[in-house]
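Only heavy atoms go into these numbers, but all of them, side chains included; no hydrogens, no water, no symmetry mates.
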Amino acid sequence: MTTDGHPEPWVASLSPAARAVWAKHDFDTDGWLPLYRHMADSAAVGGLLWDEWLPPQVRRLMAAALPDGEADVRLLVTWLCCVHDIGKATPAFAGQVDGLADRMRANGLDTPSRKQLPDHSHAPHGLAGQLILRDWLTARHGWSKRATHQLTVVVGGHHGVQPTDAGIREADRRPELLRTPGNEQAWLDVQYELLDAAATRTGAAPRLTAWRDTAIPQTAQVLLSALVITADWIASNPDLFPLYPNAGTRAHDPVRTREAWRLLGLPAQWRPREPQGTPAELFAARFELPPGATPRPVQEQAVEAARAMPAPGLMIIEAPMGEGKTEAALTVAEVFAARSGAGGCFVALPTMATSNAMFDRFLTWLAHVPGMPAEAASVFLAHSKAHLNEDYLALMGGGITLDLDRDGGDDRAVTALIAHRWLRGRKKGMLASFAVGTVDQLLFLGLKSRHLALRHLALSGKVVVVDEAHAYDTHMNTYLDRALTWLGEYGVPVVILSATLPARRRRELVAAYTGDRDGHDHVEQARAYPLITTAAPGVRADVTGPRASGRGADVLIEPLDDDLDTLTSRLETELSDGGCALVIRNTVARVHEAASRLRDAFGENTVTVAHSRFLDLDRAANDAALVAAYGPPDRDPERPARHIVVATQVVEQSLDVDFDLLVTDLAPVDLVLQRMGRLHRHPRGERQSDRPASLRRARCLVTGVDWTATPPEPVRGSRTIYGEHVLLRSLAVLRSRLDAHADAERTVRLPADISPLVQDAYADDDALLPPAWKGRAEEARTAHEVARLIQREKARTFLLRKPATPGKPLIGWIDAGVGDADDSHRGRAQVRDTAESLEVLVARRAADGTVTTVPWLPDGRGGVELPTHTAPPAEAARTLLASALRLPYQFTFGATIDRAIDELETDMVPAWQSKDAHWIAGELVLFLDEDDRADLAGHHLHYTRTDGLKATRAE
C-alpha cells in the first residue's frame with residue numbers, strides 16, 4: 001500500500017500463508033475475499049473518508065489529539081482501518097468455511113475443521129484483533145500493554161460494542177482461540193507479517209513510537225472507532241468491492257478503489273462561508289421577507305451575538321411564540337458553521353409532527369444558503385415515519401434541484417438536495433449533512449447502545465439546533481444534558497430555543513455544555529425577556545436582553561367550571577355572532593366527551609376533533625386541514641364563519657393556527673402560555689372577515705378544575721399527565737388573575753408576563769401558595785420530588801458516562817447498554833420514560849374474508865384490495881404501512897399488552913411476513929369489520945374518520 005492511502009497489490013511481498021487467510025465469503029456465489037485485500041480496501045476507503053468527506057470541524061478536533069496534527073491523524077485512520085480485521089487471522093474465525101480453510105492448511109496454518117472449532121464466543125474477531133494488535137505493539141514496538149488500549153479498543157469495537165475488561169481477561173485465558181495449539185508460531189508469524197506490512201505500507205510505522213507516548217482524548221477515540229466502522233461497511237459491500245473469483249477486470253487496486261468510491265457517490269459535506277451583510281440583509285436573502293419587512297430585534301441580536309462570540313459554542317434563545325426563533329437559529333447556525341468548519345446542521349424537535357412541519361421550512365432555508373457542495377447535498381428526515389413525508393420522498397431518486405448563486409456574483413451552479421441511498425438507514429441516516437428529526441436522535445447520543453460511535457461522528461460535524469427545549473421532562477433532560485456534555489467536548493456549536501425556559505434549567509444547560517457547574521449565578525438570575533445566553537467551555541457565559549419587538553397580545557383569563565353543560569352554554573353565547581374556538585383537553589377521552597356534547601348542540605359539521613389517536617394518513621390530513629382553515633393570512637385560509645376544534649396537546653407546538661377564543665384544561669403554566677400562542681396569533685384584516693365584535697379581545701377560559709375545592713383540584717387525567725405539584729404551582733401564579741373581576745386584573749400580557757409567570761411557577765419557594773393550600777401542596781411536592789428522583793435514576797441505568805481524562809481507553813464504554821437503539825417505540829421509550837406503546841397497521845376485513853385498505857383514504861388509496869395469499873403490491877403495502885395507529889394507554893400495561901400481542905399474532909397473514917412483503921413484514925395488523933369495529937384484549941375498539949379510535953372495556 002502506498003503512503004497516500006491507496007492500495008497496491010500486496011501479493012509480491014506477502015508469504016503464501018498470509019495470502020491464504022480470508023476475510024469474507026458468500027455461500028451463494030462461492031465468492032471470497034482475501035484478508036490482505038480487505039485490509040487494503042478498508043485503508044483506502046479510510047483515506048478517502050478523511051480526504052474527501054470529513055468536515056473541517058471533525059478533522060481539527062482529531063488533529064489536536066496527535067503531535068503532528070492532521071497528517072498524523074490521517075496516517076492513524078488509514079492504519080486502523082487497515083488492521084481492524086486482523087482478528088480474522090485466527091483459527092477461531094478461519095475454520096468456519098472448510099473449503100477456504102483447506103487453502104490455509106496447505107500453507108502451514110493448522111486450522112480445526114468447522115465441527116472441531118472451539119467456542120469462539122469468548123473471542124469474536126473484533127476482540128481477537130484487539131489482543132493480537134496489543135501483543136504486536138508490545139513485542140515489535142515496545143509499548144506497554146496499558147498504553148496500547150486507547151488504540152486497540154478501536155479494533156476491538158469495530159462491530160459496534162467495545163470490549164470490557166472482563167471480556168479481555170476471559171479471552172486471554174483462551175489462547176487456543178487466537179493460535180492453534182502446537183502451531184502457535186505459524187499463526188503468530190502470519191498475524192505479525194500482516195501487521196508489519198500494514199504499518200509499512202500505510203506509512204504508520206515511523207509514527208508508532210510517537211503515538212505510544214500520546215494521551216488520546218476519548219472524543220478522538222470515539223471518532224476513530226466510527227471512521228473504522230464506516231470504512232469497514234463500505235469496503236465490505238460486494239457491489240462496490242467484488243469478492244473473488246468474480247472480481248472482473250479490476251486488477252489494479254487504486255482503480256478498484258476509485259471506481260468503488262465513484263459508485264458509492266457519497267455527497268460531499270457542506271463548506272459554509274461566513275455570511276456577510278447586516279442582519280436585515282441576511283434575513284432578506286435567506287427567508288424571502290416581503291418588501292419593507294425587517295428582522296425582529298431578537299433575530300438581529302442573535303446574529304450579532306453569534307458574530308461577537310470568541311468561538312462558536314452554545315446559544316440559548318428565549319423569546320415569545322411567533323418571534324421567529326427558528327429563522328434566528330438557522331441564521332446563527334450558518335455563522336457558527338462557517339467559523340467552526342461544520343459540515344451540516346441538525347434540527348431536533350419534540351415530535352414527528354413538529355419535525356415534519358420544520359422539514360419544509362428547513363428545505364426552503366437550504367435553497368437559499370450558499371456554499372452547498374458542487375453536485376449534491378445529503379438530507380435526512382430522522383424519524384420512523386419519514387417514508388410518509390412527501391417532501392422527504394421527493395429527495396429520493398433525483399432529489400430537489402437548486403440553482404444557487406455560489407459566489408455571491410453571477411456565477412451560478414446547480415446543486416441537488418438528495419436522500420442518498422447509502423445514508424437512509426437507521427444507523428447511517430444521521431451521517432447525512434443536513435437532518436431534521438425528533439429530539440430522540442440527539443438524546444441517543446447519551447444512551448449506551450450499539451454503534452453509538454456512529455451517532456457521535458454524525459453529530460460531531462454539525463451545528464445542532466434544539467427546539468422547544470421546555471417540552472422535556474426530567475428523564476429526557478438527563479439524556480439531553482449528557483448529550484450536551486459530549487457536544488461541548490467535541491466543540492459542536494449548539495443553539496437551544498424556548499419560549500418559556502425556567503431560569504434554573506437555563507443554568508443547567510450552560511453547565512452541561514461547558515462542563516463547569518459553578519460560576520453561572522448570573523445566568524440563573526437573569527430576568528430579561530427575550531433573553532439570549534451564550535457560553536463556551538472555558539469562557540464566562542454572557543446574557544443579553546434584546547428589546548421587545550412590540551408584538552404582543554393582552555389575554556383575559558378566567559376560570560370555567562368543568563361541566564359539559566357549562567362549556568356548551570358558554571360557547572353558544574361566545575359564538576352567537578360567529579367565530580372560531582379552540583378547546584384543548586389534556587386527554588383523548590375528554591376530547592371525545594366534549595366533542596360529543598358540543599355536536600349535539602352545534603351540529604356534526606361545526607365541531608372538529610384533533611388528537612394523536614388517528615391513522616398516520618388521517619392525522620396528516622387533519623393537520624393540513626387545520627392549517628388550511630386557521631393558518632396565517634398570507635396562505636389565504638378558508639376560515640369558517642363558526643367552528644369549534646376540540647383537540648389535545650397536538651396543537652400546542654406543531655401547527656401555526658389562529659383562533660378567536662381559547663378554552664383550555666389547566667396545564668403547567670408554560671404550556672398554558674404556549675396554548676395562548678394559538679389565540680389571536682395573526683392579525684386579521686377585512687379580507688379575512690375580521691373577528692366577531694365580541695371576540696376581538698383575546699380571551700382564555702381555564703377549565704379542567706374543581707374550583708370549589710381547597711386548593712382547587714385538577715381533574716384526574718391532568719394530574720396523571722403533569723403531576724399535581726406542577727399544576728398547583730401553575731394555579732398559584734395565575735390565581736390573582738383567575739380570582740379577579742376587573743379586566744385589567746385578569747389580563748395576561750404577552751410577552752411581558754411570560755418570563756415572570758414561568759420563573760415564579762418553577763421557583764423553589766412557596767411564597768405564592770396560599771396558607772390553606774399548604775398541606776396538599778407539601779404532599780404534592782414530595783410526590784413530585786420522588787417522581788423526579790425515580791426518573792433521574794431510571795435514566796442513569798443506560799446513561800453514557802461523561803468523557804474521561806485523555807488516554808483512558810473506551811474499554812467498557814457501553815457496557816450493560818440497551819443493545820440497538822433506534823427511532824422505534826422501544827428506542828424512544830429508553831430516552832422518554834414512556835411505556836412501550838403498541839402500534840398496529842389498520843385494514844378492513846369484510847364478512848367474506850376480503851381484506852382492503854380502509855375506504856376513506858384519498859388519492860385512490862382507499863378500499864384497495866390486499867391479497868392474503870401473497871405479499872401485497874408495493875404501493876398497497878405502503879398505504880397499509882401509512883395506516884399505522886398507536887393504541888391507547890390501556891394497551892401499554894403488562895397483561896393487556898401481552899394479550900393484545902398474542903391475539904394480533906394469531907390473526908397474522910402468513911404471506912405478509914415473507915421477505916417479499918418487506919414494507920409490512922413483522923408488523924401487527926388490526927382488522928376492522930365493515931362497521932370499523934374490532935375486539936382486542938377485552939376491549940371494544942371503534943374507529944371513525946371524524947373521531948379517530950375509541951376504546952372501551954368490554955363488560
Side-chain angles (χ1 to χ4, degrees), residues 48-59 230 234 261-275 285-288 326-327 329-348 355 358-382 386 389-408 411-425 428-437 441 454 457-465 492-493:
L48 288 168
L49 287 171
W50 179 268
D51 294 338
E52 301 185 20
W53 185 69
L54 274 188
Q57 182 167 291
V58 176
R59 291 161 58 116
T230 305
I234 295 171
W261 189 253
R262 184 192 67 79
L263 290 173
L264 177 64
L266 205 60
Q269 302 278 10
W270 185 28
R271 293 292 188 264
R273 296 196 304 267
E274 179 82 23
R286 298 295 183 268
F287 304 108
E288 297 182 346
T326 297
E327 289 75 14
L330 293 176
T331 309
V332 169
E334 193 176 339
V335 175
F336 279 172
R339 296 189 172 188
S340 67
C345 179
F346 171 55
V347 181
S355 300
M358 175 63 69
F359 194 60
D360 176 63
R361 299 167 67 186
F362 190 72
L363 295 179
T364 301
W365 170 66
L366 288 179
H368 293 83
V369 173
M372 289 290 125
E375 295 180 354
S378 54
V379 184
F380 184 60
L381 180 57
N389 185 284
E390 295 298 329
D391 290 325
Y392 184 61
L393 291 177
L395 299 182
M396 298 182 181
I400 299 174
T401 300
L402 307 178
D403 185 16
L404 292 176
D405 180 353
R406 203 172 299 286
D407 296 310
D411 181 19
R412 305 188 70 83
V414 174
T415 292
L417 300 180
I418 63 171
H420 190 270
R421 62 190 182 282
W422 197 80
L423 296 172
R424 294 179 197 166
K428 298 180 291 187
M430 286 295 292
L431 292 170
S433 296
F434 298 99
V436 173
Q441 302 293 334
L454 283 178
L457 174 62
L459 290 173
S460 65
K462 293 179 173 63
V463 178
V464 174
V465 178
V492 171

> How far apart are the closest heavy atoms of L381 and Y392, and which atoms are they?
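For L381 versus Y392, the nearest heavy atoms are N-CE1, 3.4 Å.
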> Looking only at non-hydrogen atoms, find the nearest pair between A268 and S433 and report the distance.
O-OG, 3.9 Å
> Quick check against the 3.5 Å criterion: does Q441 have a side-chain atom that pairs as donor or acceptor with the backbone of A348?
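Such a contact is absent between Q441 side chain and A348 backbone.
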> Could you pull out all residues at least two apart from N389 that satisfy side-chain hydrogen bond (donor to acceptor under 3.5 Å, both in side chains)?
N356
> Would you find a donor on one side and an acceptor on the other, under 3.5 Å apart, between the side chain of R59 and the backbone of L54?
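Checking the backbone N and O of L54 against the side chain of R59, no donor-acceptor pair under 3.5 Å is found.
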> If you take all heavy atoms of H420 and G265, which pair is closest and at what distance?
NE2-O, 2.9 Å
> The test is side chain to side chain contact (heavy atoms under 4.5 Å, CB included); show your working for L330 and F362 and say whether it passes.
CA-CA 8 Å; L330 293 176; F362 190 72; 4.1 Å; yes
> If you measure from CG on L417 to CG on D391, what distance do you get to the nearest 0.5 Å?
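Reported value, rounded in 0.5 Å steps: 11.5 Å.
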> Rounded to the nearest 0.5 Å, what separation is found between the OG atom of S378 and the CH2 atom of W270?
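S378 OG to W270 CH2: 12.5 Å, rounded to 0.5 Å.
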> If you look at every heavy atom in P55 and A342, which pair is closest and at what distance?
CB-C, 4.2 Å
> Under a 4.5 Å cut-off applied to non-hydrogen side-chain atoms, are C345 and V465 in contact?
yes
> How many angstroms lie between CG in L431 and CG in L457, if you round to the nearest 0.5 Å?
5.5 Å
> Check the pair L266, W422 against side chain to side chain contact (heavy atoms under 4.5 Å, CB included), reporting the backbone distance first and the verdict last.
CA-CA 8 Å; L266 205 60; W422 197 80; 4.0 Å; yes
> Evaluate the side-chain proximity of S340 to P493: yes if any heavy-atom separation is below 4.5 Å, no if none is.
yes
> Before you tell me yes or no, could you show the steps for L459 and V464 under side chain to side chain contact (heavy atoms under 4.5 Å, CB included), namely the whole-Å CA-CA distance, both residues' side-chain angles and the distance that decides it to 0.1 Å?
CA-CA 7 Å; L459 290 173; V464 174; 4.1 Å; yes
> Could you give the distance from CH2 (W261) to CG (L49), rounded to the nearest 0.5 Å?
4.5 Å
> Quick one: salt bridge (Lys or Arg N to Asp or Glu O under 4.0 Å) pairs with a partner in residues 331-345, sequence neighbours left out?
E274-R339, R286-E334
> To the nearest 0.5 Å, what is the distance between CZ on F287 and CZ on R361?
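CZ of R361 is found 9.0 Å from CZ of F287.
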> Hey, what do you get for NZ (K462) to CZ (F346), rounding to the nearest 0.5 Å?
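Rounded to the nearest 0.5 Å, the NZ-CZ separation comes out at 9.0 Å.
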> Would you name the heavy atoms of G341 and P56 that are closest together and state the gap between them?
O-CD, 3.2 Å
> Are any non-hydrogen side-chain atoms of F336 and Q57 less than 4.5 angstrom apart?
no
> Specify the closest pair of heavy atoms between V436 and S355, including all atoms of both residues, with the distance to one decimal.
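Residues V436 and S355, closest heavy atoms: CG1-O, 3.6 Å.
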> Is there a side chain to side chain contact (heavy atoms under 4.5 Å, CB included) between L363 and L395? Walk through the geometry before answering.
CA-CA 10 Å; L363 295 179; L395 299 182; 4.2 Å; yes
> Going by salt bridge (charged side-chain N to carboxylate O under 4.0 Å, His left out), name the residues that satisfy it together with R421, two or more places apart in sequence or in a different chain.
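If we apply the salt bridge (charged side-chain N to carboxylate O under 4.0 Å, His left out) test to R421, skipping adjacent residues, there are no hits.
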